[in-house]
Amino acid sequence: MGKVNVLVVDDASFIRDMLKKGLRDNFPGIQIEEAINGRKAQQLLARAAIDLILCDWEMPEMSGLELLTWCREQDSLKTVPFIMVTSRGDKENVIQAIQAGVSDYIGKPFSNDQLVTKVKKALARTGKLEALMTSAPVRLPNAGGFANDSLAALTGGKAEVVRPAAAPAPAAPAAKPAAPTASAKSASQAPGGRGQAQLRLPAGVLACVIKALSLKDAQLVVRRGEPLPQVLESAVLDLEQGEGGEVARLNGYLHAVAALEPKPDSEWLQLTFRFVDRDPQKLDYLSRLIARGTAQKHFVPGA
């Protein structure tokens with residue numbers, strides 16, 4: 001039997017859609033189930049045979065860690081590969097997941113290649129990969145990039161996207177973002193430590209200023225450079241406050257990208273980052289940030 005059943009668990013429909021499209025594009029014939037939280041996933045796992053679980057960590061009702069712990073207590077699910085897909089990449093969280101029995105880890109935001117590599121690794125360990133690939137129908141290769149794949153996930157693949165010319169390959173891969181210049185530092189740090197944040201994209205990390213903040217989205221200002229943000233690209237916004245140093249990792253996507261200055265060579269970009277999390281704890285955290293006025297209302301480029 002070549003059928004492989006995968007369960008995708010995430011409270012954000014945008015993330016679920018990106019995961020499902022990434023799986024279908026690269027593993028034709030794969031069967032996908034989905035759940036909006038750990039509780040719903042439990043109900044599905046009780047009645048369906050699943051070969052692989054891709055699960056978010058922070059979800060309402062039952063978290064990914066709680067679902068993982070429950071799965072490892074069930075005889076039928078003890079050995080099922082469980083990949084945590086989350087923005088919680090801190091060492092303490094990784095150790096916690098490993099102790100609970102996680103099979104692998106995908107950090108948000110993720111690229112298509114990262115998703116495919118982890119899924120192939122998990123299915124190969126259980127002997128499901130070869131059967132899946134041999135039974136897959138013949139299909140034409142898709143040259144789409146992952147950022148544009150997210151657009152297709154929203155439009156059912158009917159949207160036609162004009163792709164920019166490929167940028168020249170860098171001399172060496174940049175594992176870490178370059179140290180910011182004096183003006184970049186001033187852009188990433190608002191007075192008094194307010195408005196400080198970083199935007200994590202699949203290709204790298206950008207320091208940013210929070211220009212406006214609501215429960216729906218954040219208006220960000222970043223210095224134009226590499227990586228160049230793309231509309232509908234998935235990302236994680238790390239919000240850090242000077243008071244106590246607490247950090248919120250908010251999942252979302254870039255809803256809009258525009259030049260901040262009225263000229264074609266604008267050095268600064270204004271991004272609209274749309275939140276996809278529905279976790280009550282994150283919404284409460286956002287409410288507290290908004291109440292504190294965590295935004296730099298008047299950003300002056302280079303100031």
Side-chain angles (χ1 to χ4, degrees), residues 1-10 12-36 38 40-57 64-65 67-86 89 94 97-150 152-153 156-157 173 202-203 234:
M1 294 292 289
K3 182 183 293 186
V4 173
N5 298 311
V6 177
L7 174 59
V8 174
V9 190
D10 201 300
S13 60
F14 180 80
I15 302 297
R16 293 199 307 274
D17 288 345
M18 292 194 72
L19 286 168
K20 289 186 295 181
K21 189 174 191 308
L23 291 170
R24 287 172 179 148
D25 281 354
N26 294 278
F27 304 97
I30 200 167
Q31 304 296 309
I32 304 175
E33 302 285 350
E34 62 181 304
I36 61 174
K40 297 292 184 182
Q42 268 187 327
Q43 298 171 5
L44 195 149
L45 287 166
R47 65 174 186 271
I50 297 297
D51 301 299
L52 171 65
I53 301 170
L54 295 168
C55 186
D56 184 27
W57 186 308
L65 187 64
L67 177 63
L68 169 61
T69 301
W70 176 83
C71 286
R72 294 313 183 222
E73 294 172 348
Q74 313 305 309
D75 291 337
S76 60
L77 299 172
K78 281 183 178 179
T79 59
V80 173
F82 192 113
I83 300 178
M84 199 74 81
V85 186
T86 177
V94 174
I98 291 174
Q99 291 175 338
V102 77
S103 305
D104 214 330
Y105 216 90
I106 298 178
K108 294 179 182 176
F110 53 87
S111 68
N112 199 27
D113 287 342
Q114 290 171 330
L115 173 65
V116 172
T117 298
K118 297 288 187 176
V119 170
K120 281 185 175 181
K121 181 180 176 182
L123 293 179
R125 285 177 175 173
T126 58
K128 297 283 185 179
L129 180 61
E130 184 177 357
L132 175 64
M133 302 309 285
T134 56
S135 65
V138 177
R139 59 188 291 272
L140 295 175
N142 180 11
F146 200 66
N148 285 330
D149 283 348
S150 60
S234 65

TODO: For atom NZ of Lys120, decide whether the heavy atoms of other residues, nucleotides or ligands shown that lie under 6.0 angstrom number more than 12.
DONE: no
Open item on the list: For Val9 versus Ala41, what's the shortest heavy-atom pair and its separation?
Closed with: CG2-CB, 3.8 Å
TODO: Evaluate the side-chain proximity of Arg24 to Ile32: yes if any heavy-atom separation is below 4.5 Å, no if none is.
DONE: yes
Open item on the list: Just to verify, which of Thr117, Val85, Ile83 counts as forming a side chain to side chain contact (heavy atoms under 4.5 Å, CB included) with Asp104?
Closed with: Ile83
Task: Side-chain heavy-atom pair Gln74, Cys71 within 4.5 angstrom cut-off - done: no
Task: Nearest-0.5 Å distance that lies between atom OG1 in Thr86 and atom CD1 in Ile106 - done: 11.0 Å
Open item on the list: With heavy-atom distances below 4.5 Å as the criterion, would you say the side chains of Leu132 and Phe27 are in contact?
Closed with: yes
- [ ] Would you please test Val116 and Asp25 for side-chain contact (heavy atoms from CB on, under 4.5 Å) and show each step?
- [x] CA-CA 10 Å; Val116 172; Asp25 281 354; over 6 Å; no
Task: Distance, nearest 0.5 Å, that separates OG of Ser103 from NZ of Lys118 - done: 11.0 Å
- [ ] Rounded to the nearest 0.5 Å, what's the gap from CD on Gln31 to CD1 on Ile50? Could you check?
- [x] 10.0 Å
TODO: Taking the side chain as every heavy atom from C-beta outward, state whether Trp70 and Leu45 have any pair of such atoms under 4.5 Å apart.
DONE: yes
Open item on the list: Side chains of Leu68 and Ile53, heavy atoms from C-beta outward: is any pair under 4.5 Å?
Closed with: no
Open item on the list: Tell me the closest heavy-atom pair linking Thr126 and Pro81, and the distance in Å.
Closed with: CG2-CG, 3.5 Å
Open item on the list: Counting C-beta onward and ignoring hydrogens, is there a side-chain heavy-atom pair between Val94 and Met84 closer than 4.5 Å?
Closed with: no
Task: Shortest non-hydrogen contact between Ile36 and Arg16, atoms and distance - done: CG2-NH1, 3.6 Å
Open item on the list: Filter on salt bridge (Lys or Arg N to Asp or Glu O under 4.0 Å), then keep only pairs touching residues 43-54, sequence neighbours left out; what's left?
Closed with: Asp51-Lys128
TODO: Would you indicate whether the side-chain heavy atoms of Thr69 and Glu73 approach each other to under 4.5 Å?
DONE: yes
Task: Where Tyr105 and Ala97 come nearest, the two heavy atoms and their spacing - done: CE1-CB, 4.1 Å
- [ ] Grab the two heavy atoms, one from Ser234 and one from Pro109, that are nearest each other, plus how far apart they are.
- [x] O-CB, 3.5 Å
- [ ] Output the distance between atom CG (Leu52) and atom CD1 (Ile30), rounded to the nearest 0.5 Å.
- [x] 7.0 Å
Open item on the list: Measuring from atom CG of Asp56 to atom CG of Asp10, what distance do you get when rounded to the nearest 0.5 angstrom?
Closed with: 4.0 Å
Open item on the list: To the nearest 0.5 Å, what is the distance between CG on Leu65 and CZ on Phe82?
Closed with: 8.5 Å
Task: Leu54 side chain near Leu23 side chain, heavy-atom distance below 4.5 Å - done: yes
